Amino acid sequence: MSKTVLITGGSRGIGRCAVKAFANNGYNVAFTYLNSEEKAEKLATECSAFAIKADASNSKDVSNAVDLTIKKFSKIDILVNNAGIDEFCLFTDITDEKWHKMIDTNLSSAFYASRSVLKDMIKRQDGVIINISSMWGEVGASCEVHYSVSKAGLIGLTKALAKEVGPSNIRVNCVSPGVIDTDMNAHLTNEDIEQLKNDTPLGKIGTCEDVCNAILFLASDKASFVTGQVLGVNGGYII
Ligand code: NDP
């Protein structure tokens, strides 16, 4: 029987690449999106995946997406908490609204989705959760304090939850990407990109495929003794 994966924020970027990668590897794939409806529907058709409109920062939307996925595929074996936003902003310019939007979208989202899938995973004594953090969650980024906090929170969530649910045979890990070529970095100039490449030991920025290979590994039985870990995919930018 094919395994089922639920990916949050699958309409663009890393999430979209993950939808394709899991589908190509024989998984049943469900994914959520918020604004990119047309892209999501097209991707769902291309990959025979199940697209669900659900705001990752809304607890009810998330639990509804989990219920719909279980109804369609009978269970969720793997959850990838990928949906996220970023924002460049001086710390003193972060309003309450900006702060809560960042934390709700990037961190509370993973709490809501993990809590929802775990009920069934614990019953079945089997499951994998993969959180997409960021190297800025490990070392902090100037003018991205709220983003860095949300991503550091995901690392804390990963480690603590891995300890709690390990005895139920559920693995929880993080992928921590460096600079990856997606819409999230579309604002960077050519000069910025060149500088980032120069600052990276491997001399390049990453692709969505680089990140998805790490996600696929952690989802697979090849990682059956790996839990509570933060797997950096950053070309050596932080070591
Ligand atoms: P993109 O901006 O390319 O895509 C973001 C995806 O998240 C979209 O599919 C978007 O859906 C979805 N999304 C955003 N907010 C919500 C929401 N509230 N509810 C549901 N879906 C939502 O980003 P990336 O692919 O680059 O980033 C993916 C993850 O990887 C993020 O968590 C990001 O922080 C992390 N990351 C990215 C890095 C990079 O350099 N690109 C580096 C480190 C980490 P829609 O368009 O439908 O709204």
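The structure presented is a predicted model; accordingly, all values stated were derived computationally and were not measured. First listed ligand is number 1; within each ligand, the first listed atom is number 1.
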Per the under 4.0 Å non-hydrogen criterion, ligand 1 touches Gly9, Ser11, Arg12, Gly13, Ile14, Tyr33, Leu34, Asn35, Ser36, Ala54, Asp55, Ala56, Asn82, Ala83, Gly84, Ile85, Thr105, Ile132, Ser133, Ser134, Tyr147, Lys151, Pro177, Gly178, Val179, Ile180, Thr182, Asp183, Met184, Asn185
Listed by chain and number, what are the salt bridge (charged side-chain N to carboxylate O under 4.0 Å, His left out) partners of Asp61, not counting sequence neighbours? none
Do you see a donor-acceptor pair shorter than 3.5 Å between the side chains of Asp104 and Ser109? no
Among residues at least two apart in sequence or on other chains, which ones pass salt bridge (charged side-chain N to carboxylate O under 4.0 Å, His left out) with Lys159? none
Looking at the rings of Phe88 and His187, which for Trp means the six-membered one, are their centres under 6.0 Å apart? yes
Step by step, work out the side-chain contact (heavy atoms from CB on, under 4.5 Å) result for Ile170 and Asp126. CA-CA 5 Å; Ile170 295 162; Asp126 192 42; 6.0 Å; no
side-chain hydrogen bond (donor to acceptor under 3.5 Å, both in side chains): which pairs involve residues 24-33, sequence neighbours left out? Thr4-Asn28, Tyr33-Glu37
